[in-house]
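What follows is a short report on a single structure.
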Amino acid sequence: MVDLRRLEVKARDGPSDPYALAKWRILNRLHDRNETMYYKVLVDNIEEYAPIVYTPTVGLVCQNYSGLFRRPRGMYFSAADRGEMMSMVYNWPADQVDMIVVTDGSRILGLGDLGIQGIGIAIGKLDLYVAAAGINPQRILPVMIDVGTNNENVLNHPLYLGLKQHRLDGEEYLSVIDEFMEAVFTRWPNVIVQFEDFQSKWASKLLQRYRNTYRMFNDDIQGTAGVALAGLLGAVRAQGKPTVDFPKQKIVVAGAGSAGIGVLNAARTTMARMLGNNEAAFESARSQFWVVDAMGLITEERKNIDPDALPFARRLDEVNFQGLKEGASLVEVVKTVKPDVLLGLSAVGGLFSEKVLEALKESTSTRPAIFAMSNPTKNAECTPQQAFSIVGDHVVFASGSPFGDVELGNGRVGRCNQGNNMYLFPGVGLGTLLSGARVISDGMLQAAAECLANYINEEEVLKGIIYPSISSIRDITKEVAAAVVREALKEDLAEGYRHMDARQLQKLNHEETLQYVKHNMWSPVYPNLVYRKI
Ligand SMILES: NC(=O)C1=CN([C@@H]2O[C@H](COP(=O)(O)OP(=O)(O)OC[C@H]3O[C@@H](n4cnc5c(N)ncnc54)[C@H](O)[C@@H]3O)[C@@H](O)[C@H]2O)C=CC1
Ligand SMILES: CC(=O)C(=O)O
Ligand SMILES: [Mg+2]
């Protein structure tokens, strides 16, 4: 701690990138020497060090990973290992693995293709699994699947550790991922695999390929969707309205990659459920969204439209009526729609420019909400300062990476919420583990999102607080995991965990389920080496 604090004293201008990286190195060295103490530091100071082991610093770490690398952590499966993965997997020393976070490094945060340097994100996510969900650090496994990289800078770096080739694609690519999945589920049939930061081209295809067979989920699609949904419901409550008013919200989404489409599908499904869950309800819910990507507003006229974005393409009669057109700019869309919510998952820093935010001032909402969810910090669509100063003190604001609250004068504070999937994935993984669910259903993810939404009370939400403080992440995760366990039981997916079979789990009431979850969370305490009778 003295080592870490020394850096703060030296950083006269406050925390800056080089110091963040230095802190990461101190923590990483501690991790190598004494795992229990590393997690003790993390758990006890999570608010301070989540931004170091996770976004934003983990982005910088990944960008510089070849130079920062000292000793390996996790497993690397490469395209050159095809045919060998089934035996390789037995090289891992732990007999039991509960959680794997796997990436192919193709879209790390909003930083693009970083090749095998993306292993840093798998390590960072698993740090949160230990700190927030109490997954035993002996039973986690970060994995990098190295199929090459298309990032020439990374590829030509003299210290690059990965395969020096361009990315595999098509059937060849799929065969590598298939072989990896078969290998890990053969050795550890009960493992849960979280797919992380796969480029959108593959993210949704891989999810559909594996989700009905394996215990897996995609954090960027499903975790982000749940977190955004909880925030969107919070934004409705922050307007002093009941959540059943959600289907009336007009929502502009900037970004139609895997994260944006995941959010759109979850929000539309929730609106449709509130409206009666029939065809008319789905159609009505569709018309609440306007989606803008790199080529502008997506309409039916879009050529070669991504099939995942197709359900959200605006109909021509609608755009003509509104005076919009295919490819309309974000400013035009915001000016015309006057949305209640502006949500960014575009990976474009500053996309919510002064003009866009000025246009949002005309929102028909009493309290417009801005979600600048792209990571890391420099990719945020706008800062909270810009949001509050341009749109007004009444906005509800959330960002993917942490920013400080904003002083509004006269002692008033503009809340900066962190809208990040870290509030959900640890609980989804822990709840799946402790229920023994064979697959991770939409219902389990929905239960997790609703639990997070309900975590915030009325008084807080009216102050513009739509996500809890990260300092309570262990408690939130316990609640989310319990909600996931109960839903898995309800859907008859649970097969139990260790000494608790599904029948025994069924008998637990709400409080007992929470106790069961808490009891199974690992804490950073040294184990007893000598037992003495007292
Ligand atoms: N806060 C959170 O929990 C999460 C945040 N993210 C962030 O979301 C971002 C996007 O992730 P993916 O969807 O996987 O990436 P992606 O690269 O697949 O998608 C980006 C999308 O933004 C669009 N876009 C690019 N320029 C644009 C512009 N000028 N105007 C409007 N749209 C534009 C692209 O056309 C594409 O549809 C990343 O920065 C990532 O860090 C992702 C997951 C979770
Ligand atoms: C938070 C996260 O998963 C991302 O930015 O990709
Ligand atoms: Mg991610």
Side-chain angles (χ1 to χ4, degrees), residues 50-51 54-56 58-59 62 101-114 118 120-122 124-125 128 194-204 207 217-231 252-266 290-298 302 304-306 308-309 312 327-334 342-353 356 371-382 398-403 417-426 449 452 467 470:
Y54 190 55
T55 185
V58 74
C62 288
V101 175
V102 60
T103 183
D104 68 355
S106 55
R107 191 286 276 149
I108 296 299
L109 304 174
L111 302 170
D113 179 354
L114 295 182
I121 198 76
K125 292 270 176 185
L128 289 191
Q194 170 169 324
F195 276 58
E196 191 66 46
D197 289 6
F198 282 71
Q199 58 182 322
S200 292
K201 177 178 171 188
W202 285 111
S204 150
L207 177 62
F217 69 106
N218 181 299
D219 180 40
D220 299 293
I221 300 176
Q222 297 165 297
T224 313
V227 164
L229 184 60
V252 170
V253 175
S258 54
I261 296 291
V263 171
L264 284 158
N265 280 320
W290 286 259
V291 187
V292 177
D293 72 356
M295 290 186 282
L297 179 66
I298 301 182
R302 175 68 63 94
N304 301 324
I305 189 165
D306 172 1
D308 291 337
F312 299 97
S329 71
L330 184 59
V331 183
E332 287 170 318
V333 173
V334 173
L342 177 58
L343 187 148
L345 280 163
S346 65
V348 180
L351 180 69
F352 298 167
S353 61
V356 172
F371 292 78
M373 292 183 76
S374 292
N375 297 314
T377 312
K378 71 179 174 49
N379 292 61
E381 282 78 4
C382 69
S399 55
S401 294
F403 283 90
N417 298 277
Q418 191 174 357
N420 191 294
N421 52 28
M422 70 183 173
Y423 284 118
L424 276 197
F425 71 77
L452 177 61
Y467 293 111
I470 183 169

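Counting starts at 1 for both ligands and their atoms, following the listed order.
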Q.
Heavy atoms only: which of Asn421, Asn375, Thr103 lies closest to atom 5 (O) of ligand 2?
A. Asn375
Q. What part of Asn420, side chain from CB on, backbone N/CA/C/O, both or neither, has a heavy atom under 4.0 Å from ligand 2?
A. side chain
Q.
For the backbone of Ala328 and the side chain of Glu332, can you confirm whether one donor and one acceptor N or O come within less than 3.5 Å of each other?
A. no
Q) When you check the side-chain N and O atoms of Ser401 and Thr55, is any donor under 3.5 Å from an acceptor? A) yes
Q. What atoms of ligand 2 come within less than 4.0 Å of a heavy atom belonging to Asp197?
A. 6 (O)
(Q) With heavy-atom distances below 4.5 Å as the criterion, would you say the side chains of Asn375 and Asn420 are in contact? (A) yes
Q: Run the numbers on Phe425 and Leu128 for side chain to side chain contact (heavy atoms under 4.5 Å, CB included), then give the verdict.
A: CA-CA 9 Å; Phe425 71 77; Leu128 289 191; 4.0 Å; yes
Q) Where does the angle between the aromatic ring planes of Phe371 and Tyr467 fall among parallel (under 30°), tilted (30 to 60°) and perpendicular (over 60°)? A) perpendicular
Q: Check whether any heavy atom of Leu109 sits under 4.0 Å from an atom of ligand 2.
A: yes
Q.
Out of all atoms in ligand 2, which are within 4.0 Å of some heavy atom of Lys125? Include the element for each.
A. 1 (C), 2 (C), 3 (O)
Q: State which residue, out of Ile305, Asn265, Val253, fulfils the side-chain contact (heavy atoms from CB on, under 4.5 Å) condition with Phe312.
A: Asn265
Q) For ligand 2, which atoms, with element, lie under 4.0 Å from some heavy atom of Glu196? A) 3 (O)
(Q) Set out, in order, the CA-CA distance, both residues' side-chain angles and the distance that settles side chain to side chain contact (heavy atoms under 4.5 Å, CB included) for Val58 and Lys125, then state yes or no. (A) CA-CA 10 Å; Val58 74; Lys125 292 270 176 185; over 6 Å; no
Q: Indicate whether the side chain of Thr103 and that of Asp197 have a donor and an acceptor atom separated by less than 3.5 Å.
A: no
Q. Which parts of the protein, at residue level, reach under 4.0 Å of ligand 1 through a heavy atom?
A. Arg107, Leu109, Gly110, Ser200, Asp220, Thr224, Gly255, Ala256, Gly257, Ser258, Ala259, Val292, Asp293, Ala294, Leu345, Ser346, Ala347, Val348, Leu351, Met373, Ser374, Asn375, Gly400, Gly419, Asn420, Asn421
Q. Counting N and O atoms only, with roles assigned by atom type, does the side chain of Asn421 sit under 3.5 Å from a partner on the main chain of Leu424, one being a donor and the other an acceptor?
A. no
Q. Can a non-hydrogen atom of Tyr54 be found less than 4.0 Å from any atom of ligand 2?
A. yes
Q. Does any N or O in the side chain of Ser106 come within less than 3.5 Å of the main-chain N or O of Gln199, such that one atom is a donor and the other an acceptor?
A. yes
Q: Mark up the atoms of ligand 2 that fall under 4.0 Å of a heavy atom belonging to Asp220, in ascending order.
A: 2 (C), 3 (O), 4 (C), 6 (O)
Q: Say whether Arg107 and ligand 2 are in contact under the criterion: heavy-atom distance to a ligand atom below 4.0 Å.
A: yes
Q.
At less than 2.8 Å, how many protein N/O/S atoms surround the Mg ion (ligand 3)? Leave waters out.
A. 3
Q: Evaluate the side-chain proximity of Phe352 to Leu330: yes if any heavy-atom separation is below 4.5 Å, no if none is.
A: yes
Q. Have Gln418 and Ser399 got a donor and an acceptor in their side chains that come within less than 3.5 Å?
A. no
Q) How about Ser374 and Ser346: do any of their side-chain heavy atoms sit closer than 4.5 Å? A) yes
**Q.** Ligand-residue contact atoms, ligand 2 with Asp219, heavy atoms, under 4.0 Å
**A.** 3 (O)
Q | NZ/NE/NH1/NH2 to OD/OE distance under 4.0 Å, Asp113 and Arg107 | A | no
